Amino acid sequence: QVQLVESGGGLVQAGGSLRLSCAASGRTWNSYVMGWFRQTPEKEREFVATISWSGAGAYYADSVKGRFTISRDNAKNMVYLQMNSLHPADTAVYYCAAERGVALATTRSEYAYWGQGTQVTVSS
């Protein structure tokens with residue numbers, strides 16, 4: 001069983017930065033692929049970024065490529081999402097997700113474990 005807790009959300013002006021953190025529990029943490037998703041009331045939960053169990057591989061949604069960076073520290077059981085050059089369109093609840101495996105995962109259905117979400121609001 002894996003439990004995930006996100007933090008780091010908040011209110012930021014357009015062009016600003018935030019770093020989201022996801023703390024994970026679980027004995028075999030480093031065998032899990034991790035992802036970040038986001039959701040607004042108007043849209044379904046959408047993929048943002050994923051990182052392989054080793055941290056060597058990552059993949060991003062086109063909308064965030066070049067602005068967001070996903071990383072992980074397996075020794076600390078942490079995953080991060082560094083978000084730069086934020087736009088109002090990035091406003092959403094951001095969710096951390098985990099699934100056992102080594103391949104990158106970009107769809108919601110591939111993940112079994114989810115955090116409670118953290119709100120990010122970007123003002124114009």
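All figures in this text were calculated on a predicted structure; none of them were measured in a lab.
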Specify the closest pair of heavy atoms between [X] and [Y], including all atoms of both residues, with the distance to one decimal.
{"X": "R67", "Y": "D90", "value": "NH1-OD2, 2.8 Å"}
{"X": "N84", "Y": "S17", "value": "OD1-OG, 2.9 Å"}
{"X": "V33", "Y": "R72", "value": "CA-NH1, 4.2 Å"}
{"X": "Y111", "Y": "A105", "value": "OH-O, 2.6 Å"}
{"X": "A92", "Y": "T40", "value": "CB-CG2, 3.7 Å"}
{"X": "A14", "Y": "S124", "value": "CB-CA, 4.4 Å"}

How far does [atom1] of [X] sit from [atom2] of [Y], to the nearest 0.5 angstrom?
{"X": "N74", "Y": "K76", "atom1": "CG", "atom2": "NZ", "result": "12.0 Å"}
{"X": "L81", "Y": "T118", "atom1": "CG", "atom2": "OG1", "result": "11.0 Å"}
{"X": "Y95", "Y": "L20", "atom1": "OH", "atom2": "CG", "result": "13.0 Å"}
{"X": "S85", "Y": "F68", "atom1": "OG", "atom2": "CZ", "result": "9.0 Å"}
{"X": "W36", "Y": "F47", "atom1": "CH2", "atom2": "CZ", "result": "13.0 Å"}
{"X": "M34", "Y": "W53", "atom1": "CE", "atom2": "CH2", "result": "14.5 Å"}

ask   = Less than 4.5 Å apart, any side-chain heavy atom of M78 and any of S21?
value =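 Yes, their side chains come closer than 4.5 Å.
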
- Query: Do side-chain atoms of N77 reach the backbone of A24 as a donor and acceptor pair under 3.5 angstrom?
  - Reply: yes

* Just checking, R45 and F37: is the charged tip under 6.0 Å from the six-membered ring centre and within 45° of the axis? -> no

Give a yes or no on this: more than 12 heavy atoms of other residues, nucleotides or ligands lie within 6.0 Å of atom [atom1] of [X].
{"X": "Y113", "atom1": "OH", "value": "yes"}
{"X": "E46", "atom1": "CD", "value": "yes"}
{"X": "K65", "atom1": "NZ", "value": "yes"}

The side-chain contact (heavy atoms from CB on, under 4.5 Å) partner of V93 among R38, E6, Q119 is Q119

